[in-house]
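Naming: A, B, ... by sequence-line order, numbering from 1 per chain. Just so it is clear, the structure is predicted and the values come from calculations on it, not from any experiment.
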Amino acid sequence: MSEVKIYARPVSWMPDVSSHYCPGCGHGIAHRLVCESIDELGIQNDTIGVASVGCSAMIYDYIDIDYCEAPHGRAPAVATGLKTVRPDKIVFTYQGDGDLASIGMGEIVHAANRGQNITVVFINNAIYGMTGGQMAPTTLLGQKATTCPLGRDEKVNGYPIRVSEMLATLPAPGYIARVSVAQPKYTIKAKAAIKKAFQNQIDGKGFSLVEVLSSCPTNWGMRPVESFDWLISTMMPYYPLGTFKDFD
Amino acid sequence: MGRVLMKGTEAIAEAAIQAGCKFFFGYPITPQNEIPEYMSAHLPEVGGTYVQAESEVASINMVMGGGATGYRVMTSSSSPGISLMSEGISYIAGSEIPAVIVNVMRAGPGLGGILPGQADYLQSTKGGGNGDYNLIVLAPSTLQECVDLTQLSFELAQKYRNPVMVAADGFMGQMMEAVEIHPSATRDDPADTTWGLGFMGERGGKRSHLHSLFLTPEPLEAHNRRLQEKYGRIKETEQRCETYHVEDAELLIAAYGTTARISRSAVNNLRAEGLKVGMIRPITLWPYPTDAFQALPDGIRHILVAEMNAGQMIDDVKVATNCRYPVSFYGRTGGFAPSVKEIEDECRRLLAL
Amino acid sequence: MPKGRVEIHEKYCKSCGLCVAVCPTKVLRISEKTNTKGYRPVEQFKEGCIGCALCAVTCPDAAIEVFKTEE
C-alpha cells in the first residue's frame, strides 16, 4: 500500500499567497483551472497573461507568469499587441462580464472577428463585483442590483447579453464554449474547456473563448452554497452550457 | 538611401521602419492616413506586421501590449484620435512601456477640421490622460526633422521606458520635401529581456509584471516618486531647442513646427530691413527647453509667441523666462497658419510700441 | 471502498463551505479554530474519505490537497 498525492496546489499558483476574493467566489476556482492548464501544458515560462479591470484586476498576484495590465475592457487589444509581436508565446486574457461584455464589447468582437490566436477566459457572474454589485450587461431580467434595485427591467435596461452565442455567429473565431463552476461535475468540464482553449492556441488554431458561469455570493446577497444553487437554478437556464463553435 | 522627395507622413513611416520598428497598429484618420497605408505595404518586406485596429482606443492598447514585449512598436493618429488614445497613453506611461505615437495635428476642438493645427499642445505636454505622467513630445519643423525625430523617438522610448509623441502638424504631414533616411544604429538592438514580457525563461523563471495599479497608497506613492525622478532626469538631459538670431534680438519669436518655419522667413525679412528680430524654437515641447529660455540675453524687449492655436504655449514661455520679458501672442485657428506677412506686421507693431 | 485523506492548508481557507457541501461521504466540516484571516478553516473530522477530490476541485482558494492510498 502506498499513498499518492492526487490533487495538489498548482505550481503556477503564486506560492504562499491568499487571494483577496470573498469566500466562495468562483474567480478562485477559475484561476485554479487556468493554473492547472498552464501546469499540465508546461507553458508557465511561455505564457503572458493580460489582466482586466474588475475583481480579477489583481489576477497577476495569483498566477506566476509574465503579466500585462489592460485598461477596462481593452484586454483583447493588449493581447493582440502582445501576440502580434510574440506569436511564439501563449497569450490569454481573463475578463469579467462588465469588462468584456460592456465597456470592452468592441475589443472582444473585433479580436474574435480577426480570429486572433489568443485565449479568452470570460467570467460571467451577472453583476459588477468590484464596484459593489451594480447591474451588468449580463444581469438577468428581474435580478436585483444596486443600480436596478427593483430588478432588471427589459423596457429600461434591455436584455442580458449572451456573449458566446453572439460571438459564435462570426466566421473567424474557432472555439467558443460556455461552462460553469457551480458543481464539481461542471467544474471538471470547465477545466477541460479551458485547457482545450490553451491547446488550440499552442496548435495555432486561432481565437478561443471560454465563458465561465460563476458566482458572486457577496453581491448576490447569498451564502456561497446557496449562490451556486442559484447559479444552477436561475442562470444556467438563460445561459445554457455547451460548445457553440469548434475548430473540428 | 540618397536624398529623395517624400511626403511627410511617408517619410515618418519609412524613418520608423529604418529605426527598427516592425509592428504598427493603426486606425484611419485624416490627415495621417499615408502612415498606416505605407506601413501596411512595407512592414511585411522587413518581416514586420501591420494590424488595423477597430478604433484608436484599440490601437493604442495594441501598442501597449506590443511595447510590453520590449520590441519597437508604433501608432499614429490625428487630434481626435489622440483624444481617444489618452486613456491608453496614461496606462502606458504608468506601466513604463516604450511606445512611439505620431500625432499629425489637425484643427479642433471636437471633430474640428482636417486642416493643420497645433491646438494639441496642452493635451500633449500637460497630460491628456489621468494622473501624474509626462510624454516626451518632439515637434519637427522640417521633413528631415520629421525623419530624425521619429528615429530619435524610438531611442528615447526605449531608454526611458516611456511613451514618446512626435507632434507634427498637418502641414508637416502633407507637404513634400527632400529627405535622407538612414538606418538607425540601434535598429537591430535586441529587446530588453530584463523586463520585456515573453522572456520569463531567459530570466530563469522570474516573471515580469507591467502595471500601473497599486491599490495601497504606499507603493503607489513610491511608484509616483520613481516616475517623477525619471521625468526629472529627462528634463535635465533631453531638452532640445534651436535659437536663431537671438544674440542681439530686441524682439524674439517663440514658435515650433510649421509656425517656426513661417517665423524664420519673417525673421529673415525683418533682419533685411534692419530690425533686430530673432527666434527661439522648442524642439522638445516636453521636456520644455527651459535652459535655453533661461539663457536668453537681457536685451530682449518682448517675446511674441506664434502658434496655430489660440495661445497654448504662452504660459510655458512665461514660466521658462520667469516672466522677465513681456509676452504676447499671435495665432490663427481653423486650419489657417499665420502668414509670413501677418507675423512681420505683428513684429513691426510690437517693435513700434 | 478506496481510502483517502485530505490536507487542508488552513491559512488559505475562507470557510465558504463549498467543499463541505460537495463531499459525498460528509467527512468535512467547518472547525471551531480560527485562522490568521479570522476564518474558521474546514477540517476532516472523521474517517471515510474516499479520495474523490471533489472538495479540491471545488475549492476557490486551492486550500485542499488530496491523497489516496493505493492497494
Given heavy-atom pairs under 4.5 angstrom as the criterion, report whether the side chain, backbone, both or neither of [X] touches chain A.
X	value
B:Ile60	neither
B:Val63	neither
B:Ser95	side chain
B:Ser90	neither

Output, in order, the C-alpha distance, side-chain angles, deciding distance and verdict of side-chain hydrogen bond (donor to acceptor under 3.5 Å, both in side chains) for B:Ser184 and B:Gln18.
CA-CA 6 Å; B:Ser184 297; B:Gln18 294 299 328; over 6 Å; no

Answer yes or no: is there an ion pair linking B:Lys230 with B:Glu96, defined by an N-O contact shorter than 4.0 Å?
yes

Does a side-chain N-to-carboxylate-O contact under 4.0 Å join B:Arg203 and A:Asp66?
yes

Looking only at the aromatic ring of each residue, does the gap between the centers of B:His42 and B:Phe24 stay below 6.0 angstrom?
no

Hey, do the aromatic rings of A:His31 and A:Tyr94 have their centres closer than 6.0 Å?
yes

From CA spacing to verdict: side chain to side chain contact (heavy atoms under 4.5 Å, CB included), A:Phe122, A:Val212
CA-CA 6 Å; A:Phe122 164 44; A:Val212 182; over 6 Å; no

Can you tell me which of [options] forms the most heavy-atom pairs within a distance under 4.5 Å of chain A?
options	answer
B:Val73, B:Leu213, B:Thr49	B:Leu213
B:Phe25, B:Tyr91, B:Tyr71	B:Tyr91
B:Lys22, B:Met62, B:Glu87	B:Met62
B:Gly201, B:Gly94, B:Gly205, B:Ser208	B:Ser208
B:Ala58, B:Ala53, B:Ser212	B:Ser212

Give the ring-plane orientation class for B:His211 versus B:Phe214, where under 30° counts as parallel, over 60° as perpendicular and anything between as tilted.
tilted

So which part of A:Asp64 gets closer than 4.5 Å to some heavy atom of chain B, the side chain, the backbone, both or neither?
both

